[in-house]
Amino acid sequence: MPMTKTPRPLVISTRVRDERDDHRDATSLRRLVQGDRDALADLYDAHAASLFRHGLALTRSRSDAEDLVQAVFLKVATTGAPLLAVRHPANYLHRILRAAWIDDRRRPATHWEEQADPESNPPTSDYYAATEDAIDVSRMLEQLPVVQREIVMLHLIEGFSFREAGRITGASIFTAASRYRVALERLREMMGR
Amino acid sequence: MDEMEHSLLKAVRPEPGADVRERVLAAAMPLIEPHSSRLDLMWFSPKWRMAAMLAILVLACVDAVSEHIVAGQPAAQNRAAADTVRAVEMAAREAGLTPDDTEALVAQAIAATRPPRITSLNEDTLFQRSNR
């Protein structure tokens with residue numbers, strides 16, 4: 001398949017979240033509660049890409065992932081004063097995204113059921129990857145169960161600790177670590193490494 | 001970090017389309033309303049919550065300590081009163097008083113060792129007490 005996209009700069013190391021991010025985001029949430037609309041744009045710029053990748057790991061569909069991102073920011077815009085009590089905004093936003101995904105799945109006869117058939121899914125590997133080799137890895141990633149894809153995305157790509165990723169996904173730290181380990185083992189088997 | 005993790009890091013960096021930002025913000029921004037009442041700011045502020053929890057903890061500690069002190073006071077008073085009554089009774093017997101006189105003396109000693117009542121006293125009672 002010919003590559004039409006230009007290669008993007010590759011990030012080799014996992015970005016570790018720190019307290020400065022939480023402080024910056026908490027400030028944005030405070031501004032948002034006070035009615036500052038630019039604060040929502042700041043939050044979007046800081047978290048939309050990460051949320052989108054999480055959504056993509058859950059849905060394997062760009063449009064559905066974008067819808068989930070929109071659902072997150074609609075929820076944030078309407079929550080109001082309880083946002084002041086949020087201690088870790090990044091975790092909070094990802095939890096909203098996951099809750100929105102679960103709500104969508106619970107709806108009867110939605111497009112999620114159609115996606116249960118892998119053949120009906122449009123390939124998203126091209127969106128994941130910047131190089132041919134990376135496309136292979138991305139295709140293999142897509143074949144993992146959703147919870148394993150999700151933990152790989154949250155821990156390895158987004159830099160959440162197992163504890164944070166566990167809180168986001170509603171699992172214990174041990175379950176999160178176990179899912180990650182199993183996911184990597186399966187990927188290694190697929191790649192024959 | 002092994003080779004597989006490096007491969008994943010290189011591969012998985014998708015981002016939402018450029019139009020998504022406008023779409024999301026256009027949908028969400030009109031829903032933003034200022035919710036900054038002072039009560040909300042206090043109630044949801046982590047600092048205020050921590051301060052409130054500390055205040056409750058301090059009050060609970062003070063309450064527990066004061067209960068302990070108050071509970072200890074009557075026991076000490078009762079012990080002191082019992083000692084006094086016993087001493088008066090013994091002194092009366094050694095002095096050779098009749099049992100009736102001893103009983104009356106002990107009753108007076110008990111009345112004298114009782115803690116003062118909280119109820120207000122009228123002027124006559126105060127006058128009588130001062131003349132005892």
Side-chain angles (χ1 to χ4, degrees), chain A residues 8 10-14 30 32-37 39-41 44-45 48-49 51-53 55-57 62 65-66 69-70 72-87 124-125 127-131 133-138 141 152-153 156-157 184 187-188 191 193, chain B residues 1-70:
Chain A
R8 285 164 289 186
L10 301 176
V11 179
I12 302 302
S13 62
T14 302
R30 206 174 306 124
L32 188 63
V33 171
Q34 289 164 354
D36 183 355
R37 295 183 174 186
L40 191 71
Y44 182 93
D45 293 337
L51 291 167
F52 174 74
R53 287 189 284 270
L56 206 54
R62 274 190 76 89
E66 288 170 356
V69 171
Q70 179 163 336
V72 169
F73 286 97
L74 287 174
K75 172 74 177 170
V76 169
T78 54
T79 295
L83 291 175
L84 296 169
V86 173
R87 290 174 63 194
T124 54
S125 312
Y127 298 117
Y128 273 126
T131 64
D133 184 41
I135 285 174
D136 292 339
V137 177
S138 299
L141 189 63
V152 169
M153 186 63 69
L156 181 64
I157 311 300
L184 286 194
L187 285 171
R188 285 192 195 100
M191 293 193 79
R193 290 179 182 178
Chain B
M1 194 173 287
D2 65 9
E3 192 184 347
M4 171 59 67
E5 287 168 316
H6 272 290
S7 303
L8 284 166
L9 274 172
K10 285 178 189 173
V12 190
R13 308 299 293 183
E15 292 188 0
D19 58 322
V20 179
R21 186 180 192 276
E22 278 70 36
R23 193 184 83 193
V24 170
L25 294 181
M29 276 186 169
L31 303 174
I32 298 171
E33 289 176 8
H35 296 272
S36 58
S37 75
R38 244 173 223 287
L39 196 61
D40 283 340
L41 291 173
M42 279 172 58
W43 180 250
F44 290 108
S45 161
K47 285 178 186 172
W48 272 96
R49 286 186 168 190
M50 190 64 76
M53 280 174 61
L54 280 175
I56 290 169
L57 196 66
V58 166
L59 286 174
C61 288
V62 167
D63 188 42
V65 169
S66 65
E67 264 182 18
H68 182 71
I69 291 170
V70 169

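Keep in mind it's a predicted model, so treat the numbers as computed, not measured. Quick note on labels: first sequence line is chain A, next is B, and so on, each numbered from 1.
Here the closest heavy-atom approach between residue Pro16(B) and residue Ala49(A) is recorded as CD-CA, 3.8 Å. Listed here is the closest heavy atom pair of Arg53(A) and Pro14(B): NH1-O, 3.0 Å. Shown here for Met29(B) and Ala41(A), the closest heavy-atom pair between the two residues is CE-CB, 4.1 Å. Minimum heavy-atom separation, Ala28(B) to Ala77(A): O-CB, 3.4 Å.
The parts of Phe73(A) that come within reach of chain B are both its backbone and its side chain, each placing non-hydrogen atoms under 4.5 angstrom from that chain.
Gln70(A) contributes atom CD, which lies 14.0 Å from atom CZ of Arg21(B) (distance to the nearest 0.5 angstrom). Taken to the nearest 0.5 Å, the CZ atom of Arg62(A) stands 9.5 Å off from the CD atom of Glu15(B). Once rounded to the nearest 0.5 Å, the distance linking CD of Glu5(B) with CD1 of Ile157(A) reads 9.5 Å.
In terms of heavy-atom pairs under 4.5 Å with chain B, the best-connected choice from Val152(A), Asp36(A), Leu83(A), Asp45(A) is Asp45(A).
Checking Leu40(A), Val76(A), Leu74(A) one by one against Leu31(B), the side chain to side chain contact (heavy atoms under 4.5 Å, CB included) holds for a single residue, Leu74(A).
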Report task. Starting from the C-alpha separation in whole Å, work towards a yes-or-no answer on side chain to side chain contact (heavy atoms under 4.5 Å, CB included) for Leu184(A) and Leu8(B). Result -> CA-CA 10 Å; Leu184(A) 286 194; Leu8(B) 284 166; 3.7 Å; yes

